[in-house]
Amino acid sequence: MKLVILDRDGTINHDSDHYIKSLDEWRPIKGSMEAIARLTQAGYRIVVATNQSGIARGLFDTRALFEIHDALQRAAAQAGGRVDAFFFCPHTADARCQCRKPEPGMLLEIARRFNVSLKDVYMVGDALKDTQAAAAAGARPVLVLTGKGKKTREEGNLPAGTEVYPDLAAFAEHLAP
């Protein structure tokens, strides 16, 4: 099975230092829905893996999160794509859980649920923690320069073998020409 794991905020949609708390704040990055469609049409299964500590902080609830994910799914479908599953960590960093990126737990759970080895699976994100989670789980780390991506690249310390693309659309074009 061909599988790509995508971070959400800063990779698929615009990010905010104040969290994406409602559907009104959710805005896709130009070309991201088409990128999901391109990957879907090339036979890739798409899974979103996202830290959502705003839930534990009381900034929004799971209902708001699911509304955002429903909108993302509809937008991807309108472009001809599909998201096969959404995984999220609702905890703050203080909780020290294994599902919060950069820990590999969320990615390992995706591998278990989809019965796939992560060695040929790309994990695409805009933050160091996304690439670290990929490396820790044995997946292939990809950094996009949207969201926090440019700053992340400038700060360095990316895991060995991290591929870098301007955005999700460029990554999709590379993977599914």
What is the minimum heavy-atom distance between [X] and [Y], and which atoms define it?
{"X": "G10", "Y": "T146", "result": "O-OG1, 2.7 Å"}
{"X": "D61", "Y": "A64", "result": "OD1-N, 2.9 Å"}
{"X": "L143", "Y": "A127", "result": "CD1-N, 4.0 Å"}
{"X": "A79", "Y": "A37", "result": "O-CB, 3.2 Å"}
{"X": "L145", "Y": "K150", "result": "O-CG, 3.4 Å"}

Are I46 and F171 grouped together when hydrophobic residues (ILVMFWY) are joined by side-chain heavy atoms under 4.5 angstrom apart?
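Yes, I46 connects to F171 through the hydrophobic network.
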Linking I/L/V/M/F/W/Y whenever their side-chain heavy atoms sit closer than 4.5 Å, directly or via other members, would I20 and I55 fall into one cluster?
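I20 does not cluster with I55.
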Under a 3.5 Å distance rule, please check whether [X] uses its side chain to pair with a backbone N or O of [Y] as donor and acceptor.
{"X": "S53", "Y": "T92", "value": "no"}
{"X": "K2", "Y": "A42", "value": "yes"}
{"X": "T152", "Y": "D126", "value": "yes"}

So F60 and Y19, would you call those rings parallel, tilted or perpendicular, with 30° and 60° as cut-offs?
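Answer is tilted, since the angle falls between 30° and 60°.
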For side chain to side chain contact (heavy atoms under 4.5 Å, CB included), just list the numbers for L168 and I29, CA-CA rounded to whole Å, side-chain angles, deciding distance to a tenth of an Å, and then say yes or no.
CA-CA 9 Å; L168 186 56; I29 293 171; over 6 Å; no
Nearest 0.5 Å, what's the [atom1]-[atom2] distance between [X] and [Y]?
{"X": "I68", "Y": "D24", "atom1": "CD1", "atom2": "CG", "result": "9.5 Å"}
{"X": "D84", "Y": "R45", "atom1": "CG", "atom2": "CZ", "result": "4.5 Å"}
{"X": "H14", "Y": "K30", "atom1": "NE2", "atom2": "NZ", "result": "10.5 Å"}
{"X": "R153", "Y": "E155", "atom1": "CZ", "atom2": "CD", "result": "12.5 Å"}
{"X": "I12", "Y": "I36", "atom1": "CD1", "atom2": "CD1", "result": "4.5 Å"}
{"X": "F86", "Y": "L6", "atom1": "CZ", "atom2": "CG", "result": "9.5 Å"}

Validation: residues 69-77 side-chain donor-acceptor distances under 3.5 Å, sequence neighbours left out:
residue, atom, partner, partner atom, Å
H69, NE2, R8, NH1, 3.1
Q73, OE1, V83, N, 2.9
Q73, NE2, V83, O, 2.6

Listed by chain and number, what are the side chain to side chain donor-acceptor pair (under 3.5 Å) partners of N13, not counting sequence neighbours?
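N13: side chain to side chain donor-acceptor pair (under 3.5 Å) contacts with D9, W26.
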Please list all pairs passing the side chain to side chain donor-acceptor pair (under 3.5 Å) test where one or both residues lie in residues 33-44, with sequence neighbours left out.
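Non-adjacent pairs meeting side chain to side chain donor-acceptor pair (under 3.5 Å): zero.
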Residues clustering with L118 (ILVMFWY side chains joined when closer than 4.5 Å, directly or via others)
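In the cluster with L118 are M1, L3, I5, V47, F87, M106, L107, L108, I110, F114, V116, V121, M123.
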E109 bridged to R112 by N-O distance under 4.0 Å:
yes
Quick one: do V142 and V4 satisfy side chain to side chain contact (heavy atoms under 4.5 Å, CB included)? Show the steps, please.
CA-CA 10 Å; V142 175; V4 173; over 6 Å; no
Using the side chain to side chain contact (heavy atoms under 4.5 Å, CB included) rule, pick out the option among P102, C99, C89 that qualifies with N51.
C89
Which residue pairs satisfy the salt bridge (charged side-chain N to carboxylate O under 4.0 Å, His left out) criterion with at least one member in residues 96-105, sequence neighbours excluded?
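Listed once each, the pairs are D7-K101, K101-D130.
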Could you list the donor-acceptor pairs under 3.5 angstrom formed by side chains in residues 156-166, with sequence neighbours left out?
residue, atom, partner, partner atom, Å
T162, OG1, P159, O, 2.6
E163, OE1, Y165, OH, 2.6
E163, OE2, R140, NH2, 3.4
Y165, OH, H174, NE2, 3.1

